[in-house]
Each structure stands twice: as structure tokens, then as C-alpha cells.
Amino acid sequence: MTLTFKNLPLKKQHSMLVTIIAILAVLAYLFNDAVSEFFVYQYQLISQGELWRTFTGHFFHTNGIHLLLNLAALALLWALHGHFYNVKSYSLLFITSALTCSTGMYFFSPEIRQYVGLSGVLHGIFVFGAIMDIRHKDKTGYLLFVGVWLKIAHEQFYGASEQVSSLIDANVAVDAHLWGAVGGLLFSSCYVLMTKKTISSYNNER
């Protein structure tokens, strides 16, 4: 599909939460020195009960390039799949991907002592968009779905790009990409099942 300004999903239900997430990420970057110590994902502090960090840590970034890369990806995914978003589903998708990402890292990658960035959640959002494409008979959805899992598998076996690590001035947490995508898959599966049930119930009542 060719992206033009005319077919961008600009309606409030499609774009409001994406805009809010972008604003929160920018604010977190601008006030990083003042607030990051209270909100960033830190394994030890989460172990001591500061569970809010499993969600809030995703809004922070290591530097301006890291922030811009993630905001660009957020905007691109919205441009591609924003017509599938609404306030309820996108908020639940974001929360599920964020918490699954953090929970996966906490239990299965305890060597990651600190993590920041939207990239894990973005992988979950990517998976959701691909599945929605497939559901709506768009064949590119299959390519996107297979492609994201091939990317994740490559990262698990060979690690992340050294160029990206250099740009963001930090090691790329490839396990965050894995668990974020798992969160997106879990949400998408439930979403498809629930909306199928709703549609079936509506048809039966007619």
C-alpha cells in the first residue's frame, strides 16, 4: 500500500494514544535527569517492590538518537496500521506488550540490570499490525509476521547490529524485542478470539 497524507489514519480514535505516547517519551527525555531514577526499569529496585518501573521504564531513552529512532518507528507503524487502532485496543496492546516485555526480561534475562526504550513494545505493536493485515486478507501481513520473527531469531543467535548499539550509546536488549513481540502476540490472539465471539453473537441475534 502506498502511503500518502490522504490515507493516513488521522481520526482521533486512531491517532490520540500514539500522540500521547510520543509526548510522554519526549517529556521523559527532556526531564530525564530529574525523574529517571524514579521510573527507569532497574532489576534490583523492581525486586524490592518498585513494580511501576516495569511500565514506566519504556518511555525513557539513552540519547536523542535512540528517542528519534523509536518515535520514527512508532509513527511508521501508525501510518501502516493505525486504521486498526482504537483507544481501548491500542491501550491494552501497549500495556500488554510493555508488561510482558518487562516480565520476560525480569525472569528470563536477569543479567539485564537496566532497560529503557520503546523498542520492545514496538515489536508487540508490529506483530499486532501484521496479524490484523492477515485477518483482513492483506497478503503483506504474512510477510510482515514472518519477517519480524526472523529478525528476532537472528538477534537471538547473532546479536544486534553494532551500528545501532553505537548510535544509541548502549547495548541493544534483544530479549526485550523477543518478549515485547510475545506480548503483542498474546494480546492479538485474545483480541482476534474476542472480536470473533462478538461478531458471532451479533450474527446469531439477528
Side-chain angles (χ1 to χ4, degrees), residues 1-11 13-15 17-19 21-22 25 58 65-101 104-105 108 117-165 167-168 172-199:
M1 179 181 68
T2 302
L3 291 176
T4 66
F5 185 80
K6 289 183 178 180
N7 61 24
L8 287 176
L10 297 173
K11 290 183 179 180
Q13 63 176 341
H14 302 315
S15 59
L17 280 180
V18 176
T19 303
I21 290 165
H58 296 277
I65 294 176
H66 189 199
L67 172 65
L68 290 175
L69 287 172
N70 278 347
L71 290 183
L74 183 73
L76 178 60
L77 291 175
W78 162 76
L80 286 172
H81 298 128
H83 53 287
F84 297 129
Y85 301 167
N86 61 56
V87 173
K88 182 178 180 180
S89 65
Y90 193 81
S91 59
L92 290 174
L93 168 63
F94 189 93
I95 292 168
T96 302
S97 297
L99 295 183
T100 303
C101 176
M105 287 193 297
F108 299 102
L118 285 167
S119 61
V121 179
L122 290 170
H123 280 71
I125 295 172
F126 191 107
V127 169
F128 173 78
I131 290 175
M132 290 301 100
D133 275 344
I134 293 170
R135 190 183 189 196
H136 288 79
K137 313 300 181 184
D138 187 341
K139 293 180 181 179
T140 58
Y142 293 99
L143 294 176
L144 294 175
F145 186 79
V146 172
V148 70
W149 291 108
L150 287 176
K151 173 188 179 290
I152 290 169
H154 183 274
E155 290 177 340
Q156 289 293 312
F157 285 105
Y158 301 107
S161 166
E162 292 182 5
Q163 288 85 351
V164 174
S165 296
L167 281 173
I168 69 173
V172 177
V174 296
D175 287 353
H177 299 173
L178 169 63
W179 292 111
V182 169
L185 181 62
L186 289 173
F187 172 81
S188 300
S189 300
C190 293
Y191 180 80
V192 169
L193 289 173
M194 291 300 294
T195 51
K196 272 187 177 179
K197 185 177 180 180
T198 301
I199 292 170

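All heavy atoms count here, side chains included; hydrogens, waters and symmetry mates do not.
- With contacts defined as side-chain heavy-atom distances shorter than 4.5 Å, the pair Val192/Met132 qualifies.
- The side-chain heavy atoms of Arg135 and Thr195, taken from C-beta on, include a pair separated by under 4.5 Å.
- Within the 4.5 Å cutoff, the side chain of Phe145 has heavy atoms near those of the Ile134 side chain.
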| query | Do Val18 and Tyr90 pass the side chain to side chain contact (heavy atoms under 4.5 Å, CB included) test, and can you show the C-alpha distance, the side-chain angles, and the key distance before you say yes or no? | reply | CA-CA 9 Å; Val18 176; Tyr90 193 81; 3.7 Å; yes
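- For the pair Ala176 and Met105, the tightest heavy-atom approach, listed with the atom from each and the gap, is CB-SD, 3.7 Å.
- Scanning for side-chain hydrogen bond (donor to acceptor under 3.5 Å, both in side chains) contacts around Gln156 gives Asp175, with sequence neighbours left out.
- Here salt bridge (charged side-chain N to carboxylate O under 4.0 Å, His left out) pairs that include residues 153-163, with residues two or more places apart or in two chains, are Lys151-Glu155.
- The nearest pair of heavy atoms linking Leu93 to Gly124 is CD1-O, 3.9 Å.
- With sequence neighbours excluded, no residue forms a ring pair (Phe, Tyr, Trp, His ring centres under 6.0 Å) with Tyr142.
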Please list, one pair per line, the donor and acceptor atoms closer than 3.5 Å that link side chains of residues 74-81 to other protein atoms, with sequence neighbours excluded.
| residue | atom | partner | partner atom | Å |
| --- | --- | --- | --- | --- |
| Trp78 | NE1 | Pro9 | O | 3.1 |
| His81 | NE2 | Asp133 | OD2 | 2.8 |

Which atom pairs, one a donor and one an acceptor, fall under 3.5 Å between side chains of residues 182-191 and the rest of the protein, sequence neighbours left out?
| residue | atom | partner | partner atom | Å |
| --- | --- | --- | --- | --- |
| Ser188 | OG | Gly184 | O | 2.6 |
| Ser189 | OG | Leu185 | O | 2.8 |

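- Atom CG of Leu118 sits about 8.5 Å away from atom NE2 of His58, to the nearest 0.5 Å.
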| task | Could you check Phe84 against His136 for side chain to side chain contact (heavy atoms under 4.5 Å, CB included), going step by step and ending with a plain yes or no? | result | CA-CA 10 Å; Phe84 297 129; His136 288 79; 3.5 Å; yes
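- Applying the side-chain hydrogen bond (donor to acceptor under 3.5 Å, both in side chains) rule to Ser15 yields no partners; only residues at least two apart in sequence or on another chain are considered.
- In this structure, Ile95 CD1 and Thr100 OG1 are separated by 11.0 Å, a value rounded to the nearest 0.5 Å.
- A donor-acceptor pair is defined here as one N or O able to donate and one able to accept, closer than 3.5 Å; such a pair exists between the side chain of His14 and the backbone of Gly82.
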